[in-house]
Amino acid sequence: MKETYRKGIIHTNTEISPNIYELVLEGDFHGRPGQFYMLRGWEELDPFLPRPISIADIDSGKIKFLYEVRGRGTHIISKLKKGHSLSLLGPLGNGFDVKVEGKIALITGGIGIAPMLYLAKQLLGEVHIYSGFRNNAYFLDQIRPYVKAVNIATENGSVGHKGFVTDLFDPKDFDLVYACGPIPMLELVINMCKGITPVYVSMENHMACGIGACLGCTIQTIRGMERVCKEGPVFKGEEVVLND
Ligand code: FES
């Protein structure tokens, strides 16, 4: 893959929940579920780093991203309107296995729901999604047509179960688990699945280059330190060395 930035033209950039945006760009983009692009919506040197954002869907000449406004870079991107252009590098990372059969659980926390639409569309098995949010559920209306069951938890109980999404899920019910979300949730899911069900997790870390050059995104695995942007972001649960 040639690692140069290219332009994408904004089709829509919509706030679908407080601080959560759905960005759709026009262009011939490609990638697998779980891969990401580095996005840059500004020309100046400040903020210096582009932002890594997961592919949420690719369909009919458009690519969709879901992102949370967390800092200056995503704040700048959130202000861009239809017709503006963004610079993109990708697709990057390994991504999830698709075309998988059997009974599959997708476990998400917050913005970790981002890759699950594109993934659910390409899985062949019976897919159940378990999504946890702080207070507002989002994006599930788009995923619902591609899954057998939707299970929701919110910390304040405003939608679905009051508590954590892991309260709802039993690994014994599934042949395979995919998870994406905050690290403490992923650690809990890995521990719950240990010895019961294979689990793949999409790990998060700070990223500077996104292409394996800066070593700023490494995590501890059973093979040693590995780069989330290059060997990941998807790892087998048993490969990740958890904090005690
Ligand atoms: Fe630079 Fe991963 S972000 S090596």
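Remember, it's 1-based here, ligands and their atoms both numbered in the order they're listed. Along the sequence shown, residues carry numbers from 1.
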Below 4.0 angstrom, N of the basic side chain to O of the carboxylate: do Lys62 and Asp57 qualify?
no
Can you tell me if Gln142 and Glu22 form a side-chain donor-acceptor pair at under 3.5 Å?
yes
With a cut-off of 2.8 Å, which protein N/O/S atoms are close to atom 2 (Fe) of ligand 1, if we only count those under it?
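Counting only protein N, O or S atoms under 2.8 Å from atom 2 (Fe) of ligand 1, the list reads Cys217 SG, Cys229 SG.
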Atom pair OH (Tyr5) and CG (Leu39), whose distance is rounded to the nearest 0.5 Å:
8.5 Å
So CG of Asn151 and CG of Leu168: to nearest 0.5 Å the spacing works out to 6.0 Å
Could you check whether atom CG of Asp28 has more than 12 heavy atoms from other residues, nucleotides or ligands sitting under 6.0 Å from it?
no
I'd like to check the ring pair (Phe, Tyr, Trp, His ring centres under 6.0 Å) partners of Phe139; sequence neighbours left out, ordered by chain and number.
none
